[in-house]
Amino acid sequence: KNEVEQSPQNLTAQEGEFITINCSYSVGISALHWLQQHPGGGIVSLFMLSSGKKKHGRLIATINIQEKHSSLHITASHPRDSAVYICAVLGGNQFYFGTGTSLTVIP
Amino acid sequence: DGGITQSPKYLFRKEGQNVTLSCEQNLNHDAMYWYRQDPGQGLRLIYYSQIVNDFQKGDIAEGYSVSREKKESFPLTVTSAQKNPTAFYLCASSKGAGTGAFNEQFFGPGTRLTVL
């Protein structure tokens, strides 16, 4: 069973496009974490949110607790945004991780 | 610079050997975690520690052992009992302990272990 589902699995975009990555979850949560994993493997925390919306630069994360859904948006995408984006939800005393969305931004 | 370091980046071992992966953090975080990542799967929790000298098993602890003798360090030993140890291992840390332990996580660069 997958407590966290991400879509799409793979995404290719042209530089400058607006990108949306979706995350749906089936467990009750206290927070949701968006992570970025670069080809070398290292993971960077982008956002942690429990309601509403957060913005950092060209990245925007939203969450709808009632619908158990979150989206990560990238405005004016750039080739350096190419990475795997991972959604993780904090339910009870553990994180549940999605399998990631692989994004490639073409110049 | 504050952060988490893992060493080595690549590690090869022969079947039947134990191997220890290092994880050090200078963020003054109380909680530390070890995850395993396999292709096509989400991260899976091996062990976590909320405070020095205490740690708990995660979802896939069999074949692994840890210690937490210092706040800064949380080494993971992959023992010969681990049936399929080839994977990418990630260490993470977060502020807080107790019910607040699983808050925003900061990850190390990872160690890729290959068993020959």
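Naming: A, B, ... by sequence-line order, numbering from 1 per chain. Everything numeric here is computed off the predicted structure, so don't read it as measured data.
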Legend entry - Among A:G40, A:G41, A:S30, residue most engaged with chain B (heavy-atom pairs, under 4.5 Å): A:G41
Check for me, please, whether [X] and [Y] land in the same ILVMFWY cluster - side-chain distances under 4.5 Å, paths through other members count.
X	Y	result
B:W34	B:I60	yes
B:Y47	B:L43	no
B:V52	B:Y33	no
A:I21	A:F47	yes

Inset, instruction - Please examine the side chains of B:Y35 and A:F97, heavy atoms only from C-beta on, and report whether any two atoms are closer than 4.5 Å. - result: yes
Legend entry - Contact leader toward chain A among B:G42, B:G40, B:G108, where contacts are heavy-atom pairs under 4.5 Å: B:G42
Legend entry - Atom of A:H33, atom of B:Q105 and distance for their closest heavy-atom approach: NE2-N, 3.1 Å
Legend entry - Contact class of B:Q37 relative to chain A, heavy atoms under 4.5 angstrom: side chain
Inset, instruction - Using non-hydrogen atoms and a 4.5 Å limit, figure out which bit of A:I43 sits close to chain B: side chain, backbone, both or neither. - result: both
Legend entry - Part of A:Q9 lying under 4.5 Å from any heavy atom of chain B: neither
Inset, instruction - Look at atom CD of B:Q41 and say whether more than 12 heavy atoms of other residues, nucleotides or ligands are closer to it than 6.0 Å. - result: yes
Inset, instruction - Kindly check if the number of other-residue, nucleotide or ligand heavy atoms within 6.0 Å of NZ (B:K9) is above 12? - result: yes
Inset, instruction - First locate atom OG of A:S45, then atom CZ of B:F106, and finally report the distance between them rounded to the nearest 0.5 Å. - result: 5.5 Å
